[in-house]
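Take a look at the structure set out below.
Chain letters run A, B, ... following the sequence lines, proteins first, then strands; residues in each count from 1. The analysis underlying the following values was restricted to heavy atoms, covering all of them including side chains, and did not include hydrogens, waters or symmetry mates.
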Amino acid sequence: AAAATAAAKGNGGGGGRAGAGDASGTRKKKGPGPLATAYLVIYNVVMTAGWLVIAVGLVRAYLAKGSYHSLYYSIEKPLKFFQTGALLEILHCAIGIVPSSVVLTSFQVMSRVFLIWAVTHSVKEVQSEDSVLLFVIAWTITEIIRYSFYTFSLLNHLPYLIKWARYTLFIVLYPMGVSGELLTIYAALPFVRQAGLYSISLPNKYNFSFDYHAFLILIMISYIPIFPQLYFHMIHQRRKILSHTEEHKKFE
Amino acid sequence: SKHPDPFHTLREVEILDAKTREKLCFLDKVEPHATIAEIKNLFTKTHPQWYPARQSLRLDPKGKSLKDEDILQKLPVGTTATLYFRDLGAQISWVTVFLTEYAGPLFIYLLFYFRVPFIYGHKYDFTSSRHTVVHLACICHSFHYVKRLLETLFVHRFSHGTMPLRNIFKNCTYYWGFAAWMAYYINHPLYTPPTYGAQQVKLALAIFVICQLGNFSIHMALRDLRPAGSKTRKIPYPTKNPFTWLFLLVSCPNYTYEVGSWIGFAIMTQCLPVALFSLVGFTQMTIWAKGKHRSYLKEFRDYPPLRMPIIPFLL
């Protein structure tokens, strides 16, 4: 879910999320004020740059090592920094400078942050898994396109290529990311169970127990209803947005 | 009736689908003083699958629903009224939903209390806890839900008859799920009684009992505000019952007392899931209280300014 929900966002001046934004841009919406717009442009440019750094880091590490295994370590820090930084997007929705649902945005960002910190960072043994590379690549490409999309939208100059990329590449990137995420969680399971990671058992004075292993399995199961819904929503958005643009181009 | 009288001419009503504008029904010879409820009944005759409770009729396809009590001739329509219909989906009565969502926790908690097989290890089947507080907690939890069931049957006066069917699944998952989660830990063989022992339990019990009485007092006061069968709304005021004096400070003291009861229960059992349930319930009730408070302010010019929605002076 984390991989493609980032792709599954509507467009809009401030970067609306899936289902919230106006597709064609024909409706005159009251966007964020000039100060908020300037801030958002800076934010989106910085994020685009950050994910480009991660992309370049991956390529350089691959060329240096000669293999695609264990590339995670070479981009670990910028990945953590820029993905965690995306938490700001929840704030943007909460204060209203971005016209998206706080709940939807929180869900999307939290699932990414969860994967980075509560799975990959916490279970060191999975950091050398190839599945990590799978979702990192998916996220990197998706985010570079997404943040540049927002940047251009805010500046009211969105190249069709970026719009096309945003609403097309997800078709491959979303399943790719989801696969990487699921495989990574799955790989982490035995280590979580063995170490009793983040788990608490009875008896204790707050009469509470938590089995992180079982929780991770539940997370994996939750992909089953969530993934198809988001995927088909994006397909639907794609038809709406890309066909609209074709019509508009006729009148230019 | 031989003399044409403009105030008593029979009207025509056409009902169109709000989305497709398709003409669904044409009623002629409708009495001008007919209510929307009566029109809904007429509409059901031609479309029996849309019983009145699931009909939303409005003057504008995107406008607000008309009320059942609204009278045709008082609406801004000509001799032929055009109403737009939206299907609200399958409906279920509030009473049914309340009874189901409250009976579940009552029953489920007892399954855990009696340690029915397959919940805890087999050596614990049908055993009994050695902690007094566990028995007390069962009494309190059961009392709470029996009270709710009785209030649903005999006390509450509902302004709406029905709600969408899917709500019952959502609501029951919430109530039944949390009840099972709490009951599992409280009745667990490895349950740890409260840190401060009998003192803590006594204090918690006092809070619980006071809040249950308070909550009941508010429900009775609200019932007395509204005569049977009516849908009138009035500002609630404190009565002779001291528990209702909380109306001086909050709009929805029933929610205040409800949160208080669960806080009491959490302290009594010293169980984190109970605290979490209280927190979630508090969040939801705050949203409802703020909504109710807002509608009171909108409807009544002279609404007491000191009152807050749910927590005196704060929230």
task = For Phe118(B), look at atom CZ and say whether over 12 heavy atoms of other residues, nucleotides or ligands are found less than 6.0 Å away.
result = no

ask   = Above 12 or not: heavy atoms from other molecules or residues under 6.0 Å from CG of Leu35(A)?
value = no

inquiry  = Please check this pair: side chain of Asn207(A) against backbone of Gln270(B), looking for a donor-acceptor N/O pair closer than 3.5 Å.
reply    = yes

key: Leading residue by heavy atom contact count with chain A [cutoff under 4.5 Å; candidates Thr192(B), Thr269(B), Thr195(B)]   = Thr192(B)

request  = Report yes if some heavy atom in the side chain of Leu202(A) is under 4.5 Å from a heavy atom in the side chain of His188(B); otherwise report no.
outcome  = yes

key: More than 12 heavy atoms from other groups under 6.0 Å of CD on Gln49(B)   = yes

inquiry  = Tell me whether Phe81(A) at atom CZ has more than 12 heavy atoms from other residues, nucleotides or ligands lying less than 6.0 Å away.
reply    = no

query = In terms of ring plane angle, is the pair Tyr185(B) and Phe208(A) parallel, tilted or perpendicular, where the classes change at 30° and 60°?
reply = tilted

